[in-house]
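Worksheet: the structure to be examined is printed underneath.
Bear in mind the structure is a predicted one, so any value in this text is a computation, not a measurement. So that the names make sense, note that chain A is the first sequence line, chain B the second, and so on, each numbered from 1. FYI, side chains are in, hydrogens and waters are out, and symmetry mates aren't considered; it's all heavy atoms of this structure.
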Amino acid sequence: MKLNYMFIGFIVLALIQLVVPFKMMHDSENVITSGTPYKFKTRPIDPTDPFRGKYITLQYKMRYFITSDTTFTSLTTFAPGDDIRVYIKNDQAGFAVVDTISKKPLDMNTDFVMAKVTDSYKGKVMFELPFTRFYMEETKAYDAELAYRKANRRRLRKKVYSLVYVKDGKSVLDNVFIDDIPIKKYVEQTKDSLLTN
Amino acid sequence: MRLDKELQTLVQDNVISLETSNKIKAYYIAKNKEKPNLLFLVFGIFGALLIGSGIILMIAHNWDNFSKITKTIFAFAPLVIAQSLVGFSIFKNKGKAWKEASGTFLFFTVGSSISMISQIYNVSGSLSSFLIIWTILCIPLLYLLRSHAVALLVLLTGTYYALAAKIWDHKIIEAPWVYMAFFLSILPYYISLLKRNASSNAVTIFSWMLPLSLMIGSLTFFRSHDHMVFVLYVITFGILYNIGKFSIFKEVKRLRNGFLIIGSLGTIILLVVTTFQWIWGDLLDEVSSYMGELFNVIIMGTIALLALGYNIFRKGIRSINLFQVAFVVFVLIYFLLYQTENIPVILMNLLVFALGVSTVISGAQKFNFGLLNFGLLIVSILIICRFFDTEINFVLKGFAFVLVGLGFFFSNYIMLKRKKVISNT
């Protein structure tokens with residue numbers, strides 16, 4: 001009898017263990033298939049996660065919002081660690097820019113992403129976008145960093161951006177591009193020139 | 001077999017009868033049957049540990065060339081295989097080795113599955129949030145399988161979470177409270193093992209790992225800019241020592257009682273530090289400026305007093321030794337005498353000296369050489385520290401060292417003699 005309970009208990013646990021990764025997958029898949037793609041300008045670097053391997057950390061040019069309303073951004077309203085909605089729109093070049101930010105849902109027909117406030121000071125609210133990790137094969141992550149540094153050193157001002165699908169505040173980072181070439185391909189193409197320079 | 005030979009000799013020499021010899025043989029055969037094959041158990045766990053971490057490492061490579069579907073299969077296949085193995089071992093009520101090995105394997109595949117999905121969809125969750133999900137999904141496993149290995153792994157990832165959340169992820173959080181939940185989730189399991197056999201190897205491992213985890217975990221609760229970290233640690237070691245003194249550990253050997261050893265060593269090391277004049281300069285500045293940060297001290301102090309109170313309640317006030325109340329003395333001196341200049345230093349020197357002497361006495365009474373020498377070591381360290389602290393003539397210093405050395409020699413010699421006399425009578 002006790003054994004049966006143990007077994008049923010385990011079946012429940014096993015289902016939960018399966019549901020968690022499955023839901024992660026399902027949610028992301030849903031955003032990719034029916035969400036809107038946006039391009040966010042980035043600058044990558046190359047750290048490691050002990051379990052999930054190499055990734056590049058993406059820091060976005062979109063990291064603050066300035067408003068003329070000083071009471072609106074006082075520290076009591078936007079404290080570090082707060083979750084905010086960042087409403088976005090496309091600029092003329094086709095890159096995402098901030099429309100407005102808010103802690104509560106606004107009655108707007110615009111896409112938004114969730115972000116975390118890092119600081120706020122006199123009308124300027126600093127925040128961090130949620131899609132900061134892009135996992136790469138371990139042999140390529142370092143080259144990706146080199147590619148970025150090289151582009152900067154020569155003041156070539158290459159276009160570096162990430163493609164993010166957005167739906168109902170959820171966002172899935174799909175790919176990172178350097179000069180419109182996916183970073184994985186870019187690294188493969190330019191690997192030799194990266195190492196010789 | 002050696003036992004057979006011994007029994008044969010005993011029968012031949014008419015010490016025991018043939019019947020008794022057969023009974024003894026039957027007893028040992030029955031006893032060994034109940035024991036799981038230890039070698040099989042250990043290799044099973046290590047095998048699963050290596051395979052599981054191997055899978056995690058392979059997944060961490062981030063295979064670019066695989067399609068999304070292939071990656072998804074790799075995310076779920078090991079998990080389902082491991083679940084089937086665990087399900088089989090529960091359903092068939094397999095032995096300990098099966099349960100431990102399959103549980104360990106499942107533990108790792110849960111982690112690998114979440115990692116793989118995170119990679120496919122670039123899920124940005126921090127290391128700490130990854131560790132939370134992983135650990136939560138595996139806690140029930142330790143009770144369903146009653147697996148030591150899973151319990152240790154949960155403790156490991158739980159502790160790792162506390163460090164990751166507080167130190168490496170630069171999170172704006174007050175304290176990683178989830179760590180406490182993880183720690184408490186293992187406690188019922190540990191207590192049940194403790195009640196069954198307090199001297200077993202499994203309990204010994206947990207009796208060391210739990211206080212070690214708590215020490216590391218506490219570090220993340222007492223913020224680095226917290227001005228009372230020192231006081232908090234003295235209290236923490238007081239808690240550990242008092243737990244080590246609970247009556248359930250009475251028959252347990254000292255080396256198997258991690259709570260007692262970590263508690264006493266931690267207490268003595270911190271208290272020796274407070275015997276220096278310079279430390280009080282910093283400590284006292286803090287106490288007068290940051291009296292407001294008392295919350296942690298009150299919480300930890302209450303837990304420590306409860307542990308001490310429980311010991312007094314169970315064993316009576318006379319059984320309490322100085323180590324058990326050292327944290328109380330320190331806290332009183334710290335908070336009541338912070339405005340006086342030299343008195344705290346003098347009192348701390350006296351306290352450490354008293355701790356040393358009381359340990360020597362207790363060692364001598366129990367004929368315990370380890371305890372006797374630990375006490376002498378405390379006194380010696382105190383004397384050595386004072387020599388670095390103060391300007392004393394070299395001849396005098398030398399003389400004092402010779403005295404300490406003689407103390408070591410004679411106290412051991414006298415006790416050895418007494419022990420021989422007692423064992424001869």
Q) For the atom pair CD1 (B:Ile120) and CE (A:Met24), what is the distance rounded to the nearest 0.5 Å? A) 9.5 Å
Q. Taking atom NZ of B:Lys68 as the centre, does the number of heavy atoms from other residues, nucleotides or ligands within less than 6.0 Å exceed 12?
A. yes
Q: For A:Met126, look at atom CE and say whether over 12 heavy atoms of other residues, nucleotides or ligands are found less than 6.0 Å away.
A: yes
(Q) One pair to check against side chain to side chain contact (heavy atoms under 4.5 Å, CB included): A:Phe10 and B:Leu145. What are the steps and the verdict? (A) CA-CA 9 Å; A:Phe10 173 69; B:Leu145 290 172; over 6 Å; no
Q. What heavy-atom pair brings B:Leu137 and A:Leu13 nearest, and what distance separates the two atoms?
A. O-CD1, 3.4 Å
(Q) At a heavy-atom distance under 4.5 Å, which candidate from A:Val12, A:Val172, A:Leu18, A:Asp27 has the highest pair count against chain B? (A) A:Leu18
Q: Output the option from B:Leu144, B:Val110, B:Leu141 having the highest count of non-hydrogen pairs under 4.5 Å with chain A.
A: B:Leu144
Q | Heavy-atom pair of closest approach, residues A:Leu173 and B:Asn122 | A | O-ND2, 3.1 Å
**Q.** A:Phe134 side, atom CZ; B:Gln119 side, atom CD - distance, nearest 0.5 Å
**A.** 11.0 Å
Q.
Please determine whether the number of non-hydrogen atoms from other residues, nucleotides or ligands lying under 6.0 Å from atom NZ of A:Lys170 exceeds 12.
A. no
Q. Hey, is CZ on B:Phe74 packed in by over 12 heavy atoms from elsewhere, all under 6.0 Å?
A. no
Q) Going from CE on A:Met25 to NZ on B:Lys71, what distance comes out if it is rounded to the nearest 0.5 angstrom? A) 13.5 Å
Q. Side chain, backbone, both or neither: which part of A:Ile32 has a heavy atom under 4.5 Å from chain B?
A. side chain
Q: Please say whether more than 12 non-hydrogen atoms of neighbouring residues, nucleotides or ligands are located less than 6.0 Å from OH in A:Tyr64.
A: no
Q) Rounded to the nearest 0.5 Å, how far does CD of A:Gln17 lie from CZ of B:Phe76? A) 12.0 Å
Q: Look up atom CZ in A:Arg133 and atom OG in B:Ser118, then write down how far apart they are to the nearest 0.5 Å.
A: 8.5 Å
Q. Which members of residues 79-91 of chain B, sorted by number, sit under 4.5 angstrom from chain A on a heavy-atom basis?
A. B:Leu79, B:Val80, B:Gln83, B:Val86, B:Gly87, B:Ile90, B:Phe91
Q: Side chain from CB out, backbone as N, CA, C, O: work out which of these in B:Ile136 comes under 4.5 Å of a heavy atom of chain A, or both, or neither.
A: neither
(Q) Quick check on B:Ile69: does its CD1 atom have over 12 non-hydrogen neighbours (other residues, nucleotides or ligands) under 6.0 Å away? (A) no
Q) Less than 4.5 Å apart, any side-chain heavy atom of B:Val123 and any of A:Phe131? A) no
(Q) As an exercise, state the distance from OG1 of B:Thr72 to CZ of A:Phe22, rounded to the nearest 0.5 Å. (A) 10.0 Å
